Amino acid sequence: MDTRTTFYVTTPIYYVNDVPHIGHAYTTVAADVLARYWRLRGRDVWFLTGLDEHGQKVQQAAAKAGVDPQLHCDNLAPRFQALWTRLEISNDAFIRTTEPQHKTVVQRYLQVLFDNNLIYKDTYTGWYCTFDERFWTEKDVEQGLCPDCRRPVERLSEHNYFFRMGQYQDQLIHYINQHEEFIRPDSRRNEVLGFLNTQKLGDLSISRPKSRLSWGVELPFDKDYVAYVWFDALVNYLSALEYKLPAPSVQRYWPASLHLVGKDILTTHAVYWSTMLMALDLPLPHTIFAHGWWTVDGEKMSKSRGNVVDPNTVIDEFGADAFRYFLLREVPFGQDGDFSKAAMVSTSNSDLANGLGNLLSRTLTMVERFSGGTIPQVGAPALEALEERIATMARALPTEMTRGVESLAFRDNLLRLRELVALCDEYIDKSAPWNLARQAVDHPRLQTVLNTVARALRLLSVFYYPFMPKIAQRVVQQLGIPVDFSRPVPESTYAWDAPLGNVKINKGPALFPRIEPTRQGVKPVSESPASSQPGTAPAAMPVASTSPPPSAAPTHITIDEFAKIQLKTAKVLSAERVPKSEKLLKLHVSIGTEERQIVAGIGKKYEPDTLVGKTIVIVANLKPAKLMGIESQGMVLAAGDSEVRGLVTILEEVEPGTKVK
RNA sequence: CGCGGGGUGGAGCAGCCUGGUAGCUCGUUGGGCUCAUAACCCAAAGGUCGAAGGUUCAAAUCCUUCCCCCGCAACCA
């Protein structure tokens, strides 16, 4: 644990071209919870997030849009900033790598490394993937394709500048071994160590020729090059300290207490960034924590699947606080998790509406009904055993919460708080204040019940605050306890034994609405093609735009263009599965004059045997191609989108090779 | 033999490393209560722990084989 009084936490700087999704929200919310917790506890917190705005993809996207790259970034940046506002992110600064001050710092560090002979120029020849903006080694490249994105790679030879990363290998291994908390969780630490121990760490290319990529930070010692994106990006953690505060604050906050990263960029941080810092003679961050990824409804999130969760829509539906709660409550931090609306509804209802929300609601109503709207002082014990259990749990809570936050065990903390809520519910039921209210002789006991639950809520509000800032504020507001969460809250204001009483409450609306679970599992599969328009005015349909269905080709082709495609009937002579392939079948077909070998991706739908003898339709003049090493001399026609639904066949018996038009 | 993850009451998961009464949340059923957002409290039902072998006094847990599911990778010409 980082024991300094400062706490510097970062998220990665997100790529400005991305659409903000649940993953971005996750990291940022987690960082925010930590920042809020430590501010509450009086530490000197600095919380940084921001955007990575350089690189080829930005340059390309801007060019495509016909705008200046900077303008392109300026247009996109607010998407993130607006989301963070909605999500109640309390970052102290928002860095953008295109800011001049950032570039200056990057250049200064580059110059230092260059002057110390830690950067050298060399020729690099390798396989380059334009899309990923990176070179691949010989054994990475498979069949001329980028192992990452499967696009073709090109042989490229160019001069570049290299950072002597390799020479720090042993030092880094040693460092990781000596510092248990440097890379977390442990599984990730082992992963990095495994990587470092089994292969030789090479030097790192840190430049790109301007001829290929101009959108970047120019190297101070060679204006024909810009800095490679990682060097530029990682330095943000330091550069922000130099110009985002009133006074330069590297001394004050560096080394960072915590870099939160997704597991995909752990190596970059653990190896590149660490060795860069070593070379700069700067201390390494205290902890780099790699968290897991979210799937959606059990599937990986991807643009092509169209299941990317927009945090904005979740906030619209559930509110920012419930969303924040869900993200950190659902899964142990570090592991992968699954987001689904059903889970979101269930958690929101059971933990928040039925838990915290309902506890506050019933408590306040009782205070109104049985105590004239004022939280009473402690009276006589009502149910000593339960009161003792509550007290024990409550007194231990501050320490437990801190321990949980230190180990980033958000989920454990939230479950613990939920336990206290449940214990209060049990206490209320068993002490039955509504009965105690009947006779004056029981009133001292009634007072104790109400006071005890109110104190529990006071405590809960404080520790729920980092997770749900708005809700916490509403809880204390309704309880009538003035707690200002925007500044450190001394423990004396919420400690279990800190007295509470004679406080006038302000009961307000429910904290969380109960959400009726919609029919889950039944996805709205079919927008019935006919009348899915929520529209009006059927009469006024403009005649001209008998628009094609959305999936159809947007433009017409001429009959001549169609004539270029030779469709023919073909009789299947044999069919067999392509070994090791999931969906490929190798077909031999006759088109009368000749035989063709066709590889078709229909193996999920059809057993080879059932196809033999069938007459199908093929594209006869398609350029042959190799699929898994097997030549395919044509293409079979089949209905279906990504999934094959059925083959095109002929009703009547026709000769193989008959033209289809 | 491509890489990896997983199969535990209706659902989602923990337990498995370091064998020894199978646990949690949700759901279901019955009861209670009436302060509360049809909420809350109590109780119950419900599992041959994917299958088969093996090791052992004892296996969800260790070993072997097999089956199935899910990612990723390779291909839907």
Side-chain angles (χ1 to χ4, degrees), chain A residues 142-143 145-150 292-293 295 297-302 305 329-332 335-338 340 342-343 345-371 386 411 415 418-419 421-437 446 449-450 453 507 509-517 520-521 565 577-586 596 598-605 618-638 640-644:
Chain A
E142 297 161 34
Q143 299 179 342
L145 296 179
C146 167
D148 184 52
C149 67
R150 313 310 305 172
W293 279 1
T295 52
D297 294 323
E299 292 192 327
K300 190 184 168 181
M301 214 176 7
S302 74
R305 278 197 178 90
R329 146 72 228 251
E330 183 69 0
V331 178
Q335 291 182 28
D336 291 346
D338 183 57
S340 71
V345 168
S346 155
T347 300
S348 177
N349 281 347
S350 115
D351 282 6
L352 300 179
N354 301 348
L356 179 63
N358 184 55
L359 179 63
L360 180 71
S361 172
R362 68 193 305 203
T363 303
L364 293 181
T365 302
M366 287 191 289
V367 170
E368 272 179 353
R369 294 257 290 262
F370 308 141
S371 187
L386 269 175
R411 183 170 189 263
L415 293 177
R418 184 68 181 83
E419 254 183 83
V421 170
L423 194 56
C424 288
D425 275 330
E426 184 184 345
Y427 175 59
I428 291 172
D429 269 67
K430 292 190 171 156
S431 61
W434 47 92
N435 288 336
L436 299 177
L446 171 65
V449 175
L450 297 181
V453 178
K507 188 171 185 341
L511 294 180
F512 302 96
R514 255 187 87 72
I515 297 153
E516 288 310 314
Q520 296 295 331
I565 302 166
R577 293 199 172 274
V578 175
K580 295 205 292 187
S581 146
E582 187 182 12
K583 56 169 84 158
L584 293 187
L585 297 186
K586 184 168 78 176
R596 291 283 184 88
I598 294 181
V599 181
I602 53 176
K604 271 194 166 175
K605 172 81 180 171
I618 68 163
V619 181
N621 61 339
L622 195 67
K623 185 180 171 193
K626 277 198 171 182
L627 293 176
M628 293 193 75
I630 302 170
E631 176 155 311
S632 179
Q633 304 151 330
M635 173 172 123
V636 306
L637 295 190
D641 196 4
S642 56
E643 204 163 290
V644 172

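Everything numeric here is computed off the predicted structure, so don't read it as measured data. Numbers restart at 1 for each chain; the letters A, B, ... are given by sequence-line order, proteins then strands.
Heavy-atom distances to RNA chain B give each of A/Arg362 and A/Leu584 a nearest nucleotide, and the one nearer the 5′ end belongs to A/Arg362. Of the two residues contacting RNA chain B, namely A/Leu423 and A/Val636, the nearest-nucleotide position lying further toward the 5' end is that of A/Leu423.
When heavy atoms are screened at a 4.0 angstrom cut-off, A/Ser632 is found touching the sugar-phosphate backbone but no base atom. Base engagement by A/Asn358 is indicated by at least one non-hydrogen atom pair under 4.0 Å involving a base atom. Among the heavy atoms of the strands lying under 4.0 Å from A/Val599 are primed sugar atoms or P, OP1, OP2 only; no base atom is included. Residue contacts shown for A/Ile598 are absent, as no nucleic acid heavy atom lies under 4.0 Å away. Within the 4.0 angstrom heavy-atom criterion, no nucleotide atom of any strand lies near A/Ala437.
Every side chain to side chain donor-acceptor pair (under 3.5 Å) that A/Asp429 has, sequence neighbours left out, goes to A/Arg362. A search for side chain to side chain contact (heavy atoms under 4.5 Å, CB included) contacts involving A/Lys430 returns A/Leu383, A/Leu386, A/Glu426, not counting sequence neighbours. For A/Ser350, the side chain to side chain contact (heavy atoms under 4.5 Å, CB included) test picks out no residue, with sequence neighbours left out. Taking A/Ser361 as the reference, nothing meets the side chain to side chain donor-acceptor pair (under 3.5 Å) condition, with sequence neighbours excluded. Residues meeting the side chain to side chain contact (heavy atoms under 4.5 Å, CB included) test with A/Ser346, sequence neighbours left out: none. Judged as a salt bridge (charged side-chain N to carboxylate O under 4.0 Å, His left out), and not counting sequence neighbours, A/Arg411 has no contacts. Taking the side chain to side chain contact (heavy atoms under 4.5 Å, CB included) definition, one finds that A/Val421 meets it with A/Leu359, A/Arg418, A/Asp425, A/Leu460, A/Tyr464, sequence neighbours left out. With sequence neighbours left out, A/Glu419 forms a side chain to side chain donor-acceptor pair (under 3.5 Å) with A/Arg416. Legend: residues meeting salt bridge (charged side-chain N to carboxylate O under 4.0 Å, His left out) with A/Asp336, ordered by chain and number and at least two apart, are A/Lys263.
Taking atom C1' in both B/U25 and B/G15, one finds a spacing of 15 Å when rounded to whole Å. Annotation: B/G7 and B/C66 have their C1' atoms spaced 14 Å apart (nearest Å). Atom C1' of B/U29 sits at a distance of 15 Å from the matching atom of B/G9, rounded to the whole Å. Going from the C1' atom of B/G46 to that of B/G54 covers 32 Å, rounded to whole Å. Here the separation of B/C1 from B/G53, taken at their C1' atoms, is 23 Å to the nearest Å. Spacing of P atoms, B/C24 relative to B/G6, comes out at 23 Å, to the nearest Å. Comparing B/C49 with B/A22, their P atoms sit 11 Å apart, to the nearest whole Å. Between B/G12 and B/A52, the distance separating the two C1' atoms is 28 Å to the nearest Å.
A/Tyr427 has its OH atom 16 Å from the C1' atom of B/C40, to the nearest Å. The distance from atom CH2 of A/Trp293 to atom P of B/C72 is 10 Å, rounded to the nearest whole Å. Rounded to whole angstrom, the span from the NZ atom of A/Lys507 across to the P atom of B/C35 amounts to 13 Å. If you take CG of A/Asn354 and P of B/U25, they are 15 Å apart, rounded to a whole angstrom. With rounding to whole Å, A/Leu386 atom CG is found 12 Å from B/C41 atom P. Rounded to whole Å, atom P of B/U37 lies 12 Å from atom CZ of A/Arg514. Here B/C40 presents its P atom at 13 Å from CG of A/Leu356, a figure rounded to the nearest Å. At whole-Å resolution of the value, CG in A/Leu352 and C1' in B/U37 are 12 Å apart.
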Verdict with supporting geometry, A/Ile428 and A/Trp434, side-chain contact (heavy atoms from CB on, under 4.5 Å): CA-CA 9 Å; A/Ile428 291 172; A/Trp434 47 92; 3.9 Å; yes
Intermediate values then yes/no, side-chain contact (heavy atoms from CB on, under 4.5 Å), A/Asp338 and A/Glu330: CA-CA 8 Å; A/Asp338 183 57; A/Glu330 183 69 0; over 6 Å; no
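Distance alone, capped at 3.5 Å, is enough to place a donor-acceptor pair between the A/Arg596 side chain and the A/Ala620 backbone.
A/Ser340 and A/Ala343 get closest at one heavy-atom pair: OG-N, 3.1 Å.
One finds no side-chain N or O of A/Asn349 lying less than 4.0 angstrom from the OP1 or OP2 phosphate oxygen of B/U37.
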Nucleotides 28-34 of chain B: protein proximity per nucleotide (B base, S sugar-phosphate only, - neither; heavy atom, under 4.0 Å): ----BSS
Quick test: give all pairs of protein nitrogen or oxygen and nucleotides 9-15 of chain B nitrogen or oxygen below 3.5 Å, distance rounded to 0.1 Å.
none

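Scanning RNA chain B for stems, defined as runs of 3 or more consecutive Watson-Crick or G-U wobble pairs whose donor-acceptor distances all fall under 3.5 Å, gives the following ranges: B:2-7 with B:67-72, B:10-13 with B:23-26, B:28-32 with B:40-44, B:50-54 with B:62-66.
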